[in-house]
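Below is one structure, written out as structure tokens; comments come after it.
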Amino acid sequence: MYSSAYVWAKVLSHIEERLGSVTVSAWFDDAEVVELNEEHLILYSSSDFRRDIIRRRCTDYIQDALKEIFHSDAKLIVFGDEELAAHKSKGKANTSMDFNPQFNFDNFVVGPSNRFAHGAAIAVSKTPGQVYNPLFLYGPPGVGKTHLLYAIANGIRKTNPEANIVYIKGDQFTNELIAAIQSGRNIEFRNKYREADLFLIDDIQFIAGKESTQEEFFHTFNKLYEEHKQIVMTSDRKPSDMLTLEDRLKTRFEWGLLADIQPPDYETRMAILKNKAKSLGLNLDDDVCNYIAINVTNNVRQIEGTVKKILAYRDLNDMPLDLANISRAIDDMFKVEGNALPTPSLIISQVCKFYSIDEAVLRGSQKSKGIAEARQISMYLIRKLTNLSLPDIGKEFGKDHSTVLYNIRKVEMALKKGDSTLQNNIRDITANINSCL
């Protein structure tokens, strides 16, 4: 279950990528979440001008973000003072978002690449805490790990509506811990997770290398495990491949069952494609499905994105969905293996996630040890993984090319001297970057 603060932070970040931080700050500076559920997101703003801007110019952005990030069809409502007062008089607001019921076991397409993980997930949903505890699902992005995570939650919620189900992403667990320490709310933070009946954590790899986070998670894991509460984790790699994850956590993650999910084979891709097309009211010929299944091979998410683009193509162009038209419409979505390069923004965002710092801080001038190291690694990886020149890299940080060169050489010298911690950090960050491509 997502907290309203987490959802709103993700939505704002999504909008910033499209409108810029200055615009978002100007329009949403006083915006507060009043209520959040599967039906609507209610915001409050005291400014008539800002409310008007949000309604007229930002509704689509916000609803698109909810749809893309959380698979939610929640509609935006914006309150002023009078609406807020009337709403409060009706009672307590709902400030969480349940798991999308569309993610269940019935609509999960099973094939050789995911059959084992699917069976394990069903077993866990039927007898939580009794078999396969913890359940650790791993595989590349977009292959259905989160779908199974939500399906487990929805399955348990159906049989036990009162179950305390807690969901969090690995990087958000770190962010909440930092906020709890800063505000002196450690006990509240611990109770939130340690009193769960079902604890779901997505992208657990992001806690690797963070000492305080790993310490807190270690004790949370132990308490839940000892009380036979179900723990389910997802990751882009198995525990033994997380080089900066503490050994005591690796061992515990392997106590239950490790189940990998690989990209779907041709037959499974065809089945996923036809199911998605049917759910959207599309009737695709076999030659069209075959063309897509042969060319779109990376993951389920890319297949679903392709079908959605075809739907938009049909609605906007009013042309037959034959092979010639569809090939023109979706050819730009085909990614040749090995040709995709990460953007500087992606590299910087992954470094910031790893070190739990703001991008604005990383791009700034603070020189504390942790921030300086993160900045140096960012420059080093941009130089290594992209085609950008030193001056172009400097523009990302407001630095000249000589400063960039100095920072890159510091990293290279440390690596040559055998700095194992730095080597492991760079490997883990690089793996996180590659998993996003």
Side-chain angles (χ1 to χ4, degrees), residues 14 18 60-61 63-73 100-119 121 137 139-151 236 260-343 346 434-437:
H14 184 90
R18 289 150 181 79
D60 288 344
Y61 287 110
Q63 292 180 173
D64 286 348
L66 289 169
K67 184 75 172 179
E68 182 172 335
I69 305 171
F70 301 101
H71 310 286
S72 168
D73 292 319
N100 192 325
Q102 293 179 2
F103 289 95
N104 53 58
F105 293 117
D106 291 338
N107 61 18
F108 185 87
V109 179
V110 181
S113 62
N114 59 29
R115 182 171 286 110
F116 181 67
H118 175 261
L137 306 172
V143 293
K145 302 187 299 295
T146 301
H147 187 138
L148 287 180
L149 206 66
Y150 290 3
D236 63 353
D260 72 320
I261 307 178
Q262 295 303 316
D265 60 12
Y266 171 80
E267 289 79 11
T268 307
R269 294 198 300 273
M270 285 287 285
I272 293 169
L273 182 61
K274 290 184 176 182
N275 279 7
K276 189 64 179 179
K278 182 179 179 180
S279 70
L280 294 175
L282 283 174
N283 183 22
L284 301 180
D285 293 336
D286 285 343
D287 61 339
V288 171
C289 291
N290 178 68
Y291 175 76
I292 298 170
I294 289 174
N295 286 282
V296 182
T297 60
N298 286 342
N299 55 55
V300 177
R301 195 175 299 144
Q302 190 183 27
I303 294 172
E304 293 182 345
T306 302
V307 177
K308 289 178 181 177
K309 183 168 183 180
I310 292 172
L311 177 64
Y313 184 82
R314 182 198 68 179
D315 293 343
L316 295 174
N317 293 286
D318 192 27
M319 295 176 69
L321 296 181
D322 56 30
L323 182 57
N325 285 331
I326 285 179
S327 63
R328 284 194 295 271
I330 65 176
D331 272 352
D332 64 319
M333 300 184 72
F334 301 157
K335 183 174 71 177
V336 179
E337 189 70 26
N339 284 353
L341 295 177
T343 64
L346 173 60
N434 289 335
S435 73
C436 295
L437 298 177

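No experiment lies behind these values; they were computed from the predicted model shown.
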When you measure from the side chain of Lys145 to the backbone of Ile261, do you find a donor-acceptor pair of N or O atoms at a distance under 3.5 Å?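 No.
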To the closest 0.5 Å, what do you measure between [atom1] ([X]) and [atom2] ([Y])?
X: Tyr266; Y: Asn290; atom1: OH; atom2: CG; answer: 3.5 Å
X: Arg18; Y: Asp64; atom1: CZ; atom2: CG; answer: 8.0 Å
X: Thr306; Y: Leu273; atom1: OG1; atom2: CG; answer: 8.0 Å
X: Ile294; Y: Met270; atom1: CD1; atom2: CE; answer: 8.5 Å
X: Leu323; Y: Ile292; atom1: CG; atom2: CD1; answer: 9.0 Å
X: Ile272; Y: Phe108; atom1: CD1; atom2: CZ; answer: 7.5 Å

How would you list, by chain and number, every residue that makes a side-chain contact (heavy atoms from CB on, under 4.5 Å) with [X], sequence neighbours excluded?
X: Phe105; value: His118, Ala121, Ile122, Ser125, Leu148, Ala151, Ile152
X: Asn275; value: Val109
X: Leu311; value: Leu280, Leu282, Arg314, Asp315

Run the salt bridge (Lys or Arg N to Asp or Glu O under 4.0 Å) test against Asp106 and tell me which residues pass, sequence neighbours left out.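 Here no residue qualifies.
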For Lys67, check salt bridge (Lys or Arg N to Asp or Glu O under 4.0 Å) against everything at least two apart and list the hits.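 With sequence neighbours excluded, Lys67 shows a salt bridge (Lys or Arg N to Asp or Glu O under 4.0 Å) to Asp73, given in chain and number order.
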Go through Asn107 and His147 one step at a time and tell me if the side-chain hydrogen bond (donor to acceptor under 3.5 Å, both in side chains) criterion holds. CA-CA 10 Å; Asn107 61 18; His147 187 138; 3.0 Å; yes
Looking only at heavy atoms, which two atoms of Leu284 and Ala277 are closest? And how far apart?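 Answer, listing the atom of Leu284 first, then Ala277: CD1-CB, 4.0 Å.
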So, for Pro264 and Arg269, which heavy atoms are closest and what is the spacing to 0.1 Å?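 That would be O-NH1, 2.8 Å.
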Does any non-hydrogen side-chain atom of Ser113 lie less than 4.5 Å from one of Val143?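 Side-chain contact under 4.5 Å: no.
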Can you list the residues that meet the side-chain hydrogen bond (donor to acceptor under 3.5 Å, both in side chains) rule with Asp322, with sequence neighbours excluded?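 Partners of Asp322 by the side-chain hydrogen bond (donor to acceptor under 3.5 Å, both in side chains) criterion, ordered by chain and then number, come out as Asn325.
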